[in-house]
Amino acid sequence: MPYLILSDIHANLEALKAVLSDARGRYEQILCLGDLVGYGADPNAVLEWARANVTVAVRGNHDKACLEPETLEYFRPMARAAAIWTREVLTPENLRYLETLPRGPLHYDGFDLVHGSPVDEDEYLFSLSDVAQIRSELQSGLLFFGHTHVQGGFLVSRNGVKSIEPIRELAIEANYSYLLNPGSVGQPRDGDPRAAYAIYSPRERVVEYHRVSYSVAQAAAKILTAGLPESLAARLYEGV
Ligand code: ZN
């Protein structure tokens with residue numbers, strides 16, 4: 001069964017809707033790698049959608065920050081302001097849903113889901129050396145991660161670690177370990193402002209990377225209307 005793999009939606013309902021309509025009919029279950037909320041203006045709508053539609057999700061650092069305000073001291077001011085605002089507007093039901101999200105790694109159907117890295121939900125896997133340091137923690141040949149908001153990933157073999165570009169169809173081969181990032185739905189930071197997602201088909205052993213345009217202007221306007229930091233609106237246009 002094909003899976004729609006989403007990460008870092010960050011309360012961006014416009015981006016989420018564009019992804020769902022682009023991917024319609026091509027998946028059977030939705031898996032989520034955390035950071036459903038934080039930064040964007042629609043945390044309740046995104047969580048209501050997640051409660052009804054997401055099969056499994058792991059918790060992200062922004063999801064955790066809404067539940068544990070003491071972790072906010074490690075956040076930059078912009079992220080902290082967004083987390084405080086999010087916590088204030090969330091309904092009790094949606095806060096409770098966040099509490100139920102497991103911390104990764106979550107083993108599911110032969111592969112693994114994490115937010116940051118298999119070691120820590122708050123650890124970034126940006127570079128080859130970041131991945132080399134955690135390679136002994138890999139439990140399966142395929143791990144999906146988020147947190148960096150950069151679509152792509154890494155291939156680990158006996159010879160070392162290589163980067164994987166987000167090509168349209170990536171064949172998953174035996175004897176390698178893959179760490180794959182579907183990119184961020186709601187706040188891409190890889191220079192491409194379009195919403196990012198991936199589809200994994202276990203039977204064909206193929207991961208597809210996708211991008212889709214959405215109304216950035218609408219999402220940005222909502223951020224400003226909510227009184228969230230202006231820079232959170234501006235960065236959506238640039239994808240940084
Ligand atoms: Zn994030």
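Just so you know, residue 1 is the first one in the sequence shown, and it goes up from there. In each ligand, atom 1 is the first atom listed, and ligand 1 is the first ligand listed.
Residue pairs meeting the side chain to side chain donor-acceptor pair (under 3.5 Å) criterion with at least one member in residues 217-239, sequence neighbours excluded: E14-K222, D42-K222.
With no hydrogens or angles considered, no side-chain donor-acceptor pair links Y74 and D122 at under 3.5 Å. Side-chain atoms of D130 and S127 include a donor-acceptor pair closer than 3.5 Å. A donor and an acceptor atom, one from each side chain of N94 and R51, are located under 3.5 Å apart.
Aromatic ring centres of Y197 and Y27 lie farther apart than the 6.0 Å criterion allows.
Using a 4.0 Å cut-off between charged side-chain N and carboxylate O, D22 and R194 make no salt bridge.
Around the Zn ion (ligand 1), the protein contributes the following N, O or S atoms under 2.8 Å, ordered by chain and number: D8 OD1, H10 NE2, D35 OD2, H149 NE2.
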